[in-house]
There are 2 protein chains.
Amino acid sequence: MAATPRGAGDRSRSAQRPAAQAERRADARRNIRSILDAAQLCLARDADASVADIAKAAGVGRVTLYGHFKTRADLVDAVLTRTMEQSDAALDATDTTGDPCQALTRLVGASWQIVHQFHSVLQAAQRELPPERILAVHDRTLQRVQAIIDRGRRAGAFRDDLPARWLVTTVFSLMHAAVEDTAAGRLDADDAARVISATLLAALTAPGRAVPTPAP
Amino acid sequence: MAATPRGAGDRSRSAQRPAAQAERRADARRNIRSILDAAQLCLARDADASVADIAKAAGVGRVTLYGHFKTRADLVDAVLTRTMEQSDAALDATDTTGDPCQALTRLVGASWQIVHQFHSVLQAAQRELPPERILAVHDRTLQRVQAIIDRGRRAGAFRDDLPARWLVTTVFSLMHAAVEDTAAGRLDADDAARVISATLLAALTAPGRAVPTPAP
DNA sequence: GGCAACGTGAACTACACTGTTCGAGTTGCT
DNA sequence: AGCAACTCGAACAGTGTAGTTCACGTTGCC
């Protein structure tokens, strides 16, 4: 879905799925990498960055870029996918077992940097890609949050009076709201993870229960 | 800032500020109204609606529209201003005194319909207008929320361990997140106000305190 | 070394949109 | 009635973008 060679059609490739980047020439691989790097950077700075901007930032001709990515949407999709893969990798290294409250706090801490950095990549994707695609790419992250919430509910720590899906939305919503607040200078970026966690723990706590105060 | 006559310059008008719509001819007033109505509707449906779309929806020539609004940004600004005025009017009729928790619940209930309906008008404005302008137009609403939160904090009902500005952000963020969830079919629109309120009350509650369970 | 894959800039098509001009007609106001 | 304000559509200019083609130069790979 990301790579589209010029000379060769789909004939020599087993399928169009597996990105099929291995059998390319070395300079092509290098350029694809540069393009993705540049696109991630440009889109992170400005969700409306043009293909020309990205090509220039990658130190590559626009035509070369189109040689690897059929359309702008393709490129955005590739960048989003890549970003989510990086995110998932970072989150895989995070312990989300044990006490749900602490697990959530750890998850927020680990996610914040990524969300903070690549917030507008998501914005670009939301303007260019169909909602189902956005959802699909977020699947693993969604599952992860959902799992913690489910566990917290079963343990009686998290509330049971609201749709589980809404609690997941709450988590994502506050993360992204925090990004915008820091961008506008209304929130200290170094304090954001703490603020988000504190708000979320309270929001997810079962009514009637005392709100946990996590140790600093 | 909204009205721009054709024949007459600024000469006959006292200032360019006061919208100066009173001294126009009747048909002009009618058209301006139609345009604003149509623009509000179109932008609510699609934040990217073109000037041509809006003019057609208003039953008016494109040139006529440009006769009243110098640029697309001007039009968007006028629509946003108008929407916020309507919103403020609706909120003026809402009792925000008394118990902060109940006041917040009432405010959310009264705001939800408007936010739900005109969510993408705001999106359009965010793409076209400078952030300061968005902030300025939201001033009254912002103040209102801020006032309730301040009162709740003084009363010891709301938490004091997070920046007040962040709590305001939380309120707006969850409202808009709820809109997107309903649009995606993940949340029942009729249930939204309750869900938002319940989440917010918990989020704003002081740590260590029991979360209030508002009467249905 | 040789060949195919790859890169490149310039130029071109195509499109969608904003904003303007013009000439001619219509409507409201006095 | 008469005049200025207003409306209208068509046509135009300008801009920014996506995507393509071509002819030629370069690089990697066997």
Side-chain angles (χ1 to χ4, degrees), chain A residues 3-13 20-36 38-39 42-43 46-79 124 127-129, chain B residues 3-13 20-36 38-39 42-43 46-79 124 127-129:
Chain A
T4 25
R6 262 207 309 181
D10 285 320
R11 52 180 164 76
S12 66
R13 222 162 308 290
Q21 189 182 317
E23 48 197 89
R24 287 175 188 286
R25 241 173 55 180
D27 52 348
R29 282 198 302 265
R30 237 181 306 150
N31 277 338
I32 291 177
R33 205 192 161 89
S34 299
I35 292 170
L36 285 173
C42 288
L43 291 176
D46 174 17
D48 287 325
S50 74
V51 175
D53 292 337
I54 294 170
K56 184 186 287 183
V60 143
R62 217 166 98 261
V63 185
T64 302
L65 192 155
Y66 276 112
H68 293 302
F69 302 93
K70 236 179 137 54
T71 67
R72 189 195 138 93
D74 262 26
L75 176 57
V76 171
D77 190 299
V79 171
R127 290 185 203 172
E128 200 109 17
L129 271 32
Chain B
T4 23
R6 263 206 309 181
D10 286 320
R11 52 179 165 78
S12 66
R13 222 162 309 288
Q21 188 183 317
E23 47 196 88
R24 287 175 186 285
R25 237 172 58 179
D27 52 349
R29 283 198 301 267
R30 237 180 306 151
N31 278 337
I32 291 178
R33 204 194 162 88
S34 298
I35 293 169
L36 285 173
C42 288
L43 292 177
D46 174 17
D48 286 324
S50 74
V51 175
D53 291 338
I54 294 169
K56 184 186 289 184
V60 145
R62 216 160 50 89
V63 184
T64 302
L65 192 155
Y66 277 111
H68 293 301
F69 302 92
K70 235 178 136 52
T71 68
R72 190 195 137 94
D74 263 26
L75 176 57
V76 171
D77 190 300
V79 170
R127 291 185 201 172
E128 201 108 17
L129 272 31

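The chains referred to below are lettered A, B, ... by the order of the sequence lines, with proteins before strands, and numbering in each begins at 1.
- Remark: side-chain polar atoms of Arg29(A) are paired, donor with acceptor, to backbone N or O of Arg24(A) under 3.5 angstrom.
- Heavy-atom nearest nucleotides on DNA chain C were determined for Asp48(B) and for Thr64(A), and the one closer to the 5' end corresponds to Thr64(A).
- One can place CZ of Arg25(A) at 6 Å from P of dC6(C), the figure rounded to the nearest angstrom.
- When each of Arg62(B) and Asn31(B) is assigned the nucleotide of DNA chain D bearing its nearest heavy atom, the one mapping closer to the 5' terminus is Asn31(B).
- Applying the 4.0 Å criterion to OP1 and OP2 of dC6(D), one finds that His68(B) has every side-chain N and O outside that range.
- Where Gly61(A) and Ala49(B) each meet DNA chain C at their nearest nucleotide, the meeting point lying more 5' is that of Gly61(A).
- Regarding Arg24(A), its CZ atom lies at a distance of 16 Å from the C1' atom of dT27(D), rounded to whole Å.
- Taking atom CZ on Phe69(B) and atom P on dC17(C), their separation rounds to 20 Å, with Å as the unit.
- To the nearest 0.5 angstrom, Asn31(B) atom CG is 10.0 Å from Arg25(B) atom CZ.
- A straight line from CG of Leu75(B) to C1' of dG19(C) spans 14 Å, rounded to a whole angstrom.
- The shortest distance between the side-chain N/O atoms of Arg30(B) and the OP1/OP2 oxygens of dT27(C) is not below 4.0 Å.
- The CD-P distance, from Glu23(B) to dA4(D), rounds to 18 Å in whole Å.
- A donor-acceptor pair is defined here as one N or O able to donate and one able to accept, closer than 3.5 Å; such a pair exists between the side chain of Ser34(B) and the backbone of Arg30(B).
- Asp77(A) is not listed as a side-chain neighbour of Phe69(A), based on a closest heavy-atom distance of 4.5 Å or more.
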Task: salt bridge (Lys or Arg N to Asp or Glu O under 4.0 Å) assessment of Arg127(B) paired with Asp48(B) - done: CA-CA 9 Å; Arg127(B) 291 185 201 172; Asp48(B) 286 324; 2.8 Å; yes
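- Straight-line distance from the NZ atom of Lys70(B) to the P atom of dG19(C): 10 Å, rounded to whole Å.
- Between Tyr66(A) atom OH and dA10(C) atom C1' the separation is 16 Å, expressed in whole Å.
- Going from atom CG of Asp27(A) over to atom C1' of dA5(C) covers 8 Å, rounded to whole Å.
- Where Gly59(B) and Arg72(A) meet DNA chain D, the nucleotide closest to each residue was compared, and Gly59(B) sits on the side nearer the 5' end.
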